[in-house]
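Inspection log for the structure reproduced underneath, given as structure tokens.
Chain A is the first sequence line, chain B the second, and so forth, proteins listed ahead of strands; every chain is numbered from 1.
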2 protein chains.
Amino acid sequence: MKKNNAKAAAGVKEIARLAQVSIATVDRVIHNREGVSEKTKAKIQAIIDKLGYQPNVLAQRLALAARGAINLAVLLPAISSETEFWQAPKDGVNKAAGEIRQYGVTITYFYFDQNDENTFEKQVKKIVRASPQGILLTPTFPEPALRLIEHCNNTGTPYVLINTDIPGYDAMSYIGPEIFRSGYLAAQLIHYGIRNNKKVVIAKIAREIDNNYAILRKEEGFRAYFKDHGLSNGLLTLDSLQTEYAVVSRKLAKLIKQEPDIGAVFVTNSRVSLVARFLEAAGRKDIILLGYDFTTDNVQYLKTGNIDFLICEKPQEQGYRGIMTLFQHLVYSNTIEKSYLMPIDIITRENYIFYRN
Amino acid sequence: MKKNNAKAAAGVKEIARLAQVSIATVDRVIHNREGVSEKTKAKIQAIIDKLGYQPNVLAQRLALAARGAINLAVLLPAISSETEFWQAPKDGVNKAAGEIRQYGVTITYFYFDQNDENTFEKQVKKIVRASPQGILLTPTFPEPALRLIEHCNNTGTPYVLINTDIPGYDAMSYIGPEIFRSGYLAAQLIHYGIRNNKKVVIAKIAREIDNNYAILRKEEGFRAYFKDHGLSNGLLTLDSLQTEYAVVSRKLAKLIKQEPDIGAVFVTNSRVSLVARFLEAAGRKDIILLGYDFTTDNVQYLKTGNIDFLICEKPQEQGYRGIMTLFQHLVYSNTIEKSYLMPIDIITRENYIFYRN
DNA sequence: CTGAAAGCGCTTACAG
DNA sequence: CTGAAAGCGCTTACAG
């Protein structure tokens with residue numbers, strides 16, 4: 001039996017009493033402000049150290065509430081049925097917003113169309129005009145994203161990237177998965193389950209592939225695993241720049257006809273449900289299917305057994321943590337972590353019920 | 001672009017002004033306290049509703065800090081090298097303690113020896129004597145645990161169970177895994193990877209098995225999966241009431257000699273590292289090995305490839321969430337959720353680096 | 001270089 | 001049934 005925090009913590013009043021000064025002076029020392037004689041400062045500091053003084057965050061925030069509110073900007077893709085994924089980060093942002101509302105934090109959303117770089121650029125301009133005190137964004141389009149970051153650097157505005165990093169750029173802060181590793185893990189899971197040296201298809205289904213860093217990087221990780229295990233020759237690819245089911249299914253049908261020996265399909269993004277739909281229609285539950293993200297469609301096919309694994313990197317928590325990071329930096333001057341790599345979660349038919357984004 | 005919380009929220013002062021009463025009366029209505037005329041009450045309530053008033057939690061807590069502190073009791077196994085697992089829940093408790101320290105919360109730990117029911121009973125008595133305002137416990141020994149719960153019910157003290165439930169008892173609140181399902185998931189993972197109808201060993205290694213609900217229930221879940229998939233005849237068992245490596249390895253050696261066709265071992269608890277050590281020594285990386293918990297030893301064997309999967313149910317978060325639940329109930333009168341089932345995480349060699357308890 | 005006073009939004013005796 | 005006042009621990013003008 002051991003007590004935690006036995007005595008009630010001493011506050012500024014007590015420190016002032018012990019140092020025989022006013023609490024205003026104590027406050028100056030605590031915050032390292034100008035205008036205190038070295039002597040007084042030393043005396044007060046000694047007492048602070050001795051007492052192990054910790055400010056009462058509640059009182060601090062309450063007092064500060066008088067000052068202006070903090071406004072944050074959030075730049076994310078607009079949410080449509082096709083981009084359901086982005087609901088999760090937004091939920092996380094809202095959750096954080098709810099918790100820090102009391103602290104006078106205001107959040108403004110700026111939405112762009114994932115398929116249209118212009119909309120992204122427009123929103124960047126709007127954000128610059130709004131001059132928020134902190135920015136949360138996902139750099140879907142690296143060039144305009146970098147311009148925004150440049151602007152942040154010039155104005156000293158903190159920012160946090162979520163979900164994907166900007167390749168080759170050393171950002172102030174990144175919260176999201178290590179996507180190379182997530183591709184590597186995908187390969188491990190398929191390799192563990194596949195039989196008789198069957199072939200494995202890497203399927204990339206997206207409007208844009210060549211400049212899609214996330215998709216390419218996952219593929220690299222996936223291939224790296226197979227190479228590291230001397231299995232590279234069993235890999236096939238299927239690319240589709242069209243995301244309609246009709247197109248994807250036609251391509252799949254063709255490939256499966258050409259290569260009857262396919263044992264698994266790895267889909268590099270959340271479009272895995274398209275492949276699942278095809279495999280269901282084709283009655284091919286024997287083919288292992290692995291893809292990304294905990295979306296309604298995907299979970300549906302996890303239940304039917306057409307998808308074997310979903311990999312998911314807590315998108316909601318990314319949004320939540322991103323806002324909290326900015327908040328704590330602005331309010332308590334906490335340093336912003338360079339990167340916070342999310343866990344890479346494995347979801348199957350038997351554990352999805354308990355999953356929390 | 002949409003604003004969240006445009007106008008600054010109105011407080012008691014504003015409500016009092018609008019209702020032409022004092023803030024004390026407003027406070028009475030907010031907290032549903034006696035002694036306000038129906039008429040005044042209605043008038044104030046109308047304004048509260050119209051404004052969508054939300055109390056400022058910071059100010060609330062700060063004002064309440066004047067009142068006595070809240071003390072919570074935590075009843076967990078003592079931590080030794082053999083019970084490293086319990087470090088995680090304790091870390092979670094400490095994390096929560098840090099966050100709510102400002103709110104005047106004091107936490108007292110009561111440790112018992114997992115192998116000695118008497119020590120548990122003794123600590124229960126101590127807790128009853130200390131009469132804390134809330135209790136977090138893991139009911140390793142159901143009978144004395146039930147006596148403590150009975151006492152809680154009589155005194156109206158809230159409590160939370162973590163890690164394991166009490167079989168057949170409808171507890172006030174449980175935070176932990178659905179262990180049947182976790183056994184079921186283990187079976188799925190083994191089934192997915194195992195080749196050629198090889199045999200699967202269910203290994204129970206613990207000082208106490210017959211009364212160990214968690215172990216038995218995981219086994220049930222595991223067997224249920226095999227039964228549901230018409231594969232029950234491939235299951236073998238290995239029980240060991242001794243947890244020394246020498247004993248376990250001898251038993252394993254014997255079993256493997258008798259049954260050369262073993263393809264996987266499922267260990268129902270964190271003792272999986274003992275089996276891993278044996279398989280490593282025997283040079284049997286071909287045997288799939290799956291067990292529980294993110295302990296140092298286990299992770300070590302995950303790295304070497306002797307353990308294929310670890311199942312883990314965020315023990316740290318269980319401790320954290322347990323304390324927070326009690327706190328929020330005591331302070332904000334939040335209702336306590338009957339059960340919060342943890343996600344069942346799957347850890348492999350390729351994602352363990354990012355795992356967070 | 002230092003201090004007295006007001007205020008953040010809420011709660012709680014106390015007085016009537 | 002209702003209100004005026006003090007206080008939670010901190011911060012911030014303002015005055016000297």
Quick one: is [N] close enough that its OP1 or OP2 comes under 4.0 Å of any side-chain N or O from [X]?
X       : N      : value
B/Tyr53 : C/dG9  : no
B/Gln60 : C/dG9  : no
B/Arg33 : C/dT11 : no

Is there a donor-acceptor contact under 3.5 Å linking the side chains of [X] and [Y]?
X        : Y        : value
A/Glu99  : A/Tyr320 : yes
A/Asn56  : A/Gln60  : no
A/Tyr111 : A/Lys90  : yes
A/Asp91  : A/Gln87  : yes

How about A/Lys338: does its NZ atom have over 12 heavy atoms from other parts shown lying under 6.0 Å from it?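 Yes, NZ of A/Lys338 has more than 12 neighbouring heavy atoms, counting only those of other groups under 6.0 Å.
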B/Gln316 (side chain) donor-acceptor with B/Ala88 (main chain) under 3.5 angstrom: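 No: the side chain of B/Gln316 does not pair with the backbone of B/Ala88.
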Between N or O atoms, less than 3.5 Å apart, protein on one side and nucleotides 1-4 of chain D on the other: list the pairs.
residue	atom	partner	partner atom	Å
D/dT2	OP1	B/Ser37	OG	3.4
D/dT2	OP1	B/Thr40	OG1	2.6
D/dT2	OP2	B/Ser37	N	3.0
D/dT2	OP2	B/Thr40	OG1	3.2
D/dG3	OP2	B/Ser22	N	2.9
D/dG3	OP2	B/Ser22	OG	3.3
D/dG3	OP2	B/Thr25	OG1	3.0
D/dG3	N7	B/Arg28	NH1	3.4
D/dG3	O6	B/Arg28	NH2	2.4

Could you tell me how far apart [X] ([atom1]) and [N] ([atom2]) are, to the nearest whole angstrom?
X       : N      : atom1 : atom2 : result
A/Ile48 : D/dC10 : CD1   : C1'   : 13 Å
A/Asp27 : D/dC14 : CG    : C1'   : 15 Å
A/Ile30 : D/dC10 : CD1   : C1'   : 9 Å
A/Glu14 : D/dC10 : CD    : C1'   : 15 Å
B/Leu62 : D/dT11 : CG    : P     : 12 Å
A/Asn56 : C/dG9  : CG    : C1'   : 14 Å
B/Asn32 : C/dT11 : CG    : P     : 13 Å

Look at A/Arg147 together with A/Glu150 and state whether they make a salt bridge at an N to O cut-off of under 4.0 Å.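 Salt bridge absent between A/Arg147 and A/Glu150.
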Does the plane of the ring in B/Phe112 sit parallel, tilted or perpendicular to the ring in B/Phe120? Use 30° and 60° as the thresholds.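 Plane angle over 60°, so perpendicular.
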In dot-bracket form, 5' to 3', how is DNA chain C paired? Count Watson-Crick and G-U wobble pairs only if both distances fall under 3.5 Å, and write | where the partner sits on another strand. |||.||||||||.|||
How many angstroms lie between atom CD1 of B/Ile149 and atom CD1 of B/Ile135, to the nearest 0.5 angstrom?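 The CD1 atom of B/Ile149 sits 9.0 Å away from the CD1 atom of B/Ile135.
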